[in-house]
Amino acid sequence: MMEKNFIPVNCTSPVVDGMVTYKSPSNIALIKYWGKKENQVPANPSISFTLDSCATTTSLKYTKLDVPSEDFSFELFFGGKPKPDFKPKIQTFLTRVAPYLPFLKSYHFVIETSNSFPHSSGIASSASGMSALALCLMHIEKQLNPDMEVAFFNTKASFLARLGSGSASRSIKGPLMQWGQHQNTEGSSDFYAIEYPYKVHQVFEGFQDTILLVDKGQKQVSSTVGHNLMHNHPFAERRFEQAHDNLTELQKVLADGDLTNFVKIVESEALTLHAMMMSSLPYFMLMKPNTLQIINKIWEFRATSKLHICFTLDAGANVHVLYPASEKELILQFIKDELVAYCENQQYICDQIGDGAVAF
Ligand code: DP6
């Protein structure tokens with residue numbers, strides 16, 4: 001589908017006032033999105049596990065205005081309190097999605113949002129937050145166009161979420177979502193994420209993600225700034241090619257359930273992401289000493305236990321520890337005994353792969 005397919009032709013039903021609530025999860029990328037072109041077009045394809053517990057719940061109250069407003073009319077609450085510092089991000093989002101949702105200026109919106117994970121845990125909430133809001137807006141469009149099919153609803157929700165935050169495009173459904181054009185993936189697109197369309201081995205069912213909160217502080221460098229540093233990066237082109245190749249390799253691994261190669265691809269992607277940050281100009285480093293301690297402990301434990309534990313990283317110091325459900329007992333015990341000590345206030349979150357957003 002092309003961008004123009006998301007511009008509604010006629011919005012007929014007279015929707016006045018209402019309210020909608022969506023809970024949308026976070027996701028963790030296995031092949032990383034790092035680098036983008038204009039209009040939130042990714043420089044390379046990415047694939048992620050949708051999470052289950054880490055989620056944002058957003059309620060959107062909409063009231064029809066007598067006369068459409070000049071600018072977007074909205075109030076924003078986070079955890080029950082007004083949140084003026086989030087407003088510019090929402091304003092930018094609404095500006096980007098307005099061509100695809102022509103009704104936006106005809107309503108006043110009250111957006112109430114809260115996260116299941118602790119505030120300032122260092123877990124990015126843009127994926128869950130933007131996807132939840134995109135779904136709420138799609139609910140209004142669906143009322144205006146009641147014949148809209150579920151597949152289109154989800155695809156457009158992903159398309160809109162992407163305009164808010166690239167990784168948010170991958171939070172609409174689950175358990176595996178792919179975003180970005182890839183020649184070996186039929187139906188893949190730079191404009192929205194799709195449910196991974198090929199066979200996935202049962203070893204990945206209920207895959208675990210224990211998130212170790214190494215540093216709960218504000219990010220030193222926003223993702224947007226980080227992505228932009230891939231322009232003129234000396235290794236950018238090779239990195240983008242590598243992501244395509246890694247995705248092709250990962251497809252085999254997902255089909256065969258080959259956990260040894262899964263570990264190699266996933267850890268290499270995480271370290272490459274951070275290597276890109278360290279080799280950009282200006283350069284920066286988001287890993288902390290405890291991130292490295294944890295990585296080394298995981299490597300030692302994997303070598304001795306022969307279990308299929310591995311790590312991945314987002315744009316931050318926290319470590320996502322990934323492992324199959326069948327090895328949960330032993331690995332969780334290892335995490336508690338050996339890794340939790342490296343977390344800020346011993347905090348960690350047990351999550352697993354999930355099926356995507358839900359309406360309330
Ligand atoms: C490292 O989606 O946060 O988590 O599109 O600028 O909002 P924007 O970036 P964002 O970038 C996430 C990057 C990443 C890798 C990934 O999730 O693929």
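This structure is a prediction, so every number in the text was calculated from the model and none was measured. Remember, it's 1-based here, ligands and their atoms both numbered in the order they're listed.
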Connected hydrophobic set around Tyr33, excluding itself, where side chains approach under 4.5 Å: Trp179

All ring pair (Phe, Tyr, Trp, His ring centres under 6.0 Å) counterparts of Phe74, not counting sequence neighbours: none

Near ligand 1, at a heavy-atom separation below 4.0 Å: residues by chain and residue number: Ala29, Lys32, Tyr33, Trp34, Lys36, Gln40, Ser126, Ser165, Gly166, Ser167, Arg170, Ser223, Thr224, His227, Leu273, Asp314, Ala315

Pairs where residues 259-268 contributes a residue and the test salt bridge (Lys or Arg N to Asp or Glu O under 4.0 Å) is met, not counting sequence neighbours: Glu267-Arg302

Donor-acceptor side-chain pairing of Tyr323 and Thr210 below 3.5 angstrom: yes

Arg170 side chain to Ser46 side chain, donor-acceptor N/O pair below 3.5 angstrom: yes

Phe6: which of Phe153, Phe159, Tyr100 passes ring-ring contact (aromatic ring centres under 6.0 Å, His included): Phe159

